[in-house]
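What follows is a set of notes on a single structure, which appears directly below.
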Amino acid sequence: MTLFWNNIRYFKAHEFYCKCGECVEEEHMDSNFITLLDEMRHKAGRGFTINSGWRCRNHPEEKKKDKPGAHNQGTAVDIKVSGGSERFEIIQLGLAVGMVGIGVANSFVHVDSGHKTSPRPMAWKY
């Protein structure tokens, strides 16, 4: 684990490990992205549950794509939400700290700080 994580207030590297079940547990998140996410969490004043962080190329969701997505680049997470007001809060906080990719689902909100092969800013629904 890099020393960078010593400066992160609210998260630990293991929260972002790939969940494909085949990876070695390693930290692959972009430090600038994690800094933005940490600021989001600070502004929220409450914890976030990370449903999905970094994804290797063998992760089932990454295998569906022609090119690796923002999760594979370490610049995205899916944050668990339980309803409309929480969903709205995550979207607001993401925009406030400079997230440029927002994906909205019933049970999570995807936030990312950029993607090398997809246009940003962008918002979408699942």
Side-chain angles (χ1 to χ4, degrees):
M1 183 172 1
T2 63
L3 293 176
F4 153 76
W5 285 98
N6 294 337
N7 296 320
I8 299 302
R9 298 169 284 192
Y10 302 108
F11 298 101
K12 301 293 182 209
H14 68 85
E15 295 178 79
F16 304 95
Y17 292 164
C18 182
K19 295 181 174 137
C20 75
E22 298 178 24
C23 289
V24 175
E25 293 181 345
E26 295 178 359
E27 181 262 303
H28 292 279
M29 297 302 290
D30 178 83
S31 59
N32 293 323
F33 173 78
I34 294 296
T35 300
L36 292 176
L37 188 65
D38 203 50
E39 184 60 23
M40 274 181 68
R41 164 56 184 87
H42 182 71
K43 289 176 180 290
R46 63 173 186 82
F48 292 161
T49 299
I50 305 300
N51 285 348
S52 185
W54 183 75
R55 295 179 186 158
C56 74
R57 287 182 175 257
N58 292 320
H59 187 284
E61 291 299 318
E62 292 300 316
K63 282 183 172 182
K64 295 177 186 176
K65 301 173 185 176
D66 293 334
K67 298 176 185 174
H71 283 273
N72 181 258
Q73 296 170 5
T75 59
V77 295
D78 295 340
I79 301 170
K80 181 180 179 180
V81 296
S82 59
S85 61
E86 193 174 10
R87 193 176 300 112
F88 183 77
E89 176 194 32
I90 297 299
I91 294 167
Q92 262 190 322
L93 291 167
L95 293 171
V97 301
M99 296 295 182
V100 294
I102 305 285
V104 180
N106 285 336
S107 62
F108 69 89
V109 173
H110 166 105
V111 294
D112 72 57
S113 62
H115 186 283
K116 294 175 184 166
T117 59
S118 294
R120 296 293 191 265
M122 180 70 66
W124 62 93
K125 63 182 177 125
Y126 292 95

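Values below: every heavy atom of this structure, side chains too, minus hydrogens, waters and symmetry copies. In this chain, numbering begins with 1 at the start of the sequence shown.
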Donor-acceptor under 3.5 Å (Arg87 side chain, Val104 main chain): no
Keeping the roles fixed (side chain from Asp78, backbone from Phe108), state whether a donor-acceptor pair exists under 3.5 Å. no
Here's a test for you: under side-chain contact (heavy atoms from CB on, under 4.5 Å), which of Arg57, His59, Glu62 qualifies with Cys18? His59
Looking only at the aromatic ring of each residue, does the gap between the centers of Phe33 and Trp54 stay below 6.0 angstrom? no
Can you measure from OG (Ser107) to NZ (Lys80) and round to the nearest 0.5 angstrom? 8.5 Å
Any Phe88 side-chain heavy atom under 4.5 Å of Val81 side chain: no
Taking atom CD1 of Ile79 and atom CD of Glu89, what is their separation to the nearest 0.5 Å? 9.5 Å
Taking Glu15 for the side chain and Ile50 for the main chain, is one N or O donor matched with an acceptor at less than 3.5 Å? no
Pairwise side-chain contact, Asn51 with Thr49, heavy-atom cut-off 4.5 Å (strictly under): yes
Treating Glu86 as the side-chain partner and Ser82 as the backbone partner, does any N or O pair qualify as donor plus acceptor under 3.5 Å? yes
Can the ring centres of Phe48 and Tyr10 be said to be less than 6.0 Å apart? no
Pair His71, Asp112: side-chain N/O donor-acceptor within cut-off below 3.5 Å: no
Do Phe11 and Arg41 come close enough that some side-chain heavy atom pair is under 4.5 Å? yes
If I take atom CZ from residue Arg55 and atom NE2 from residue His28, how far apart are they, to the nearest 0.5 angstrom? 14.5 Å
When rounded to the nearest 0.5 Å, the distance separating CZ of Phe16 from CG of Asp30 is 11.5 Å
Derivation and outcome, salt bridge (charged side-chain N to carboxylate O under 4.0 Å, His left out), residues Lys64 and Glu61: CA-CA 5 Å; Lys64 295 177 186 176; Glu61 291 299 318; 3.1 Å; yes
To check you understand the geometry: which heavy-atom pair defines the closest contact between Ser113 and Leu36, and what is its length? CB-CD1, 3.9 Å
Validation row: Trp5, Ile34 side chains within 4.5 angstrom (heavy atoms): yes
Donor-acceptor contact present, side-chain Thr75 to main-chain Ala70, <3.5 Å: yes
Ala76 to His110 - nearest heavy-atom pair and separation: CB-CE1, 3.4 Å
Minimum-distance pair of heavy atoms, taken over all atoms of Ala105 and Tyr126: CB-CD1, 3.7 Å
Can you tell me how far CD of Gln92 sits from CE of Met99, rounded to the nearest 0.5 angstrom? 14.5 Å
Heavy-atom check, side chain of Glu39 versus side chain of Leu93, under 4.5 Å: no
